[in-house]
Amino acid sequence: MISLVPLCIIGYTIGGIDMVFYVLVMISVLHFVEGYFLNPKLMASKMDLPMFYTLVVLLFSEHYIGVWGLIVGIPIFIFFLDILEVNRKTET
């Protein structure tokens, strides 16, 4: 939100309300791609988990724990995998 206000102001001065709408759509698309594709892919590569598991864990932990779930969801999931002695190495 903090970065969105200056972008909307700049968009308004350049192209009016239409440009503000385009800026809002562009930022929404970028946040969607980052949140649902890039972050799970990066987290999956660091934790040796398949990307689908990472995405599902992030979705569930955010839903049930909130913003803190996005921070601690993957470590808690890895902890449970270690307790259950599940092999999480992805084979390529």
- Please name the pair of heavy atoms, one in Val20 and one in Gly11, separated by the smallest distance, quoted to 0.1 Å. CG2-C, 4.2 Å
- Item | Inter-residue atom distance Leu38.CG - Phe32.CZ, 0.5 Å rounding | 11.0 Å
- Who are the ring-ring contact (aromatic ring centres under 6.0 Å, His included) partners of Phe52, not counting sequence neighbours? none
- Query: In Å, rounded to the nearest 0.5 Å, how long is the span from CG of Leu84 to CZ of Phe79?
  - Reply: 10.0 Å
- Nearest-0.5 Å distance, CZ of residue Phe60 to CG of residue Leu55: 10.0 Å
- When rounded to the nearest 0.5 angstrom, what is the spacing between CG in Asp18 and OH in Tyr12? 11.0 Å
- Message: Quick check: do Leu24 and Leu4 have side-chain heavy atoms less than 4.5 Å from each other?
- Response: yes
- Task: Report the distance from atom CG of Leu58 to atom CD1 of Ile74, rounding to the nearest 0.5 Å.
- Result: 4.5 Å
- Pick out which of Ile2, Ile9, Leu7 makes a side chain to side chain contact (heavy atoms under 4.5 Å, CB included) with Val5. Ile9
- Message: How long is the straight-line distance from OG1 of Thr54 back to CG of Leu59, given to the nearest 0.5 Å?
- Response: 11.0 Å
- Task: Check for a donor-acceptor pair, side chain of Ser61 on one end and backbone N or O of Gly73 on the other, with a separation under 3.5 Å.
- Result: no
